[in-house]
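No experiment lies behind these values; they were computed from the predicted model shown. Positions are given from 1 along the sequence.
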Amino acid sequence: RAQQSTYSSFLFQPLLHGVGGFFLFLSILLLTKLLAYWLGTQSSFSIDTEDAILSSVGFILLALIRLLDNFKSKETEQIKN
C-alpha cells in the first residue's frame with residue numbers, strides 16, 4: 001500500500017499536473033494567436049510545432065513543481081517526527 005502511494009505521489013500526480021500545464025500553456029498560446037488574427041495583426045491563423053514546444057515548458061514546470069512539492073512534504077513530516 002505504501003508503494004502504491006509512492007507511485008501515485010511521485011509519478012502519477014506530477015504527470016497529471018504536467019499534462020494540465022501543457023494544455024494550459026497551449027490554450028493560452030492558441031487564444032493569443034486567435035485574438036491576433038481577429039484583430040488583424042496576423043494575416044492567418046496557424047498552429048506550428050513551436051507552439052507544442054513552448055507548451056512543453058508548461059508540462060515541465062508544473063510537473064517539477066508538483067514533484068518538488070512532494071519532496072517538501074516528506075521533509076516536513078520527517079522534521080515533525
Assigning hydrophobic clusters by single linkage (Ile, Leu, Val, Met, Phe, Trp, Tyr; side-chain heavy-atom cutoff under 4.5 Å), is F23 placed with L15? yes

Apart from I28 itself, members of its ILVMFWY cluster (side-chain separation under 4.5 Å) are L24

Here the gap from L34 atom CG to I47 atom CD1, rounded to the nearest 0.5 Å, amounts to 9.5 Å

For Y37, look at atom OH and say whether over 12 heavy atoms of other residues, nucleotides or ligands are found less than 6.0 Å away. no

Closest non-hydrogen contact found for K33 with D51 is NZ-OD2, 3.0 Å

Taken to the nearest 0.5 Å, the spacing of L11 CG from N70 CG works out to 11.0 Å

Look at the side-chain heavy atoms of Ile, Leu, Val, Met, Phe, Trp and Tyr, link any pair under 4.5 Å apart, and say whether F22 and V57 land in one connected group. no

Next on the checklist: Can you confirm whether F10 sits close enough to F71 that some side-chain heavy atom of one is under 4.5 Å from a side-chain heavy atom of the other?
Outcome noted: yes

In terms of heavy-atom contacts, L29 and S55 come closest through CD1-OG, 3.8 Å

Tracing side-chain contacts under 4.5 Å among Ile, Leu, Val, Met, Phe, Trp and Tyr outward from L16 reaches none

In this structure, CG of L31 is separated from CG of L26 (nearest 0.5 Å) by 9.5 Å

Heavy-atom closest pair (G21 atom, L62 atom, distance to 0.1 Å) is CA-CD1, 3.1 Å

I want to know whether F25 and F59 have ring centres closer than 6.0 Å.
no

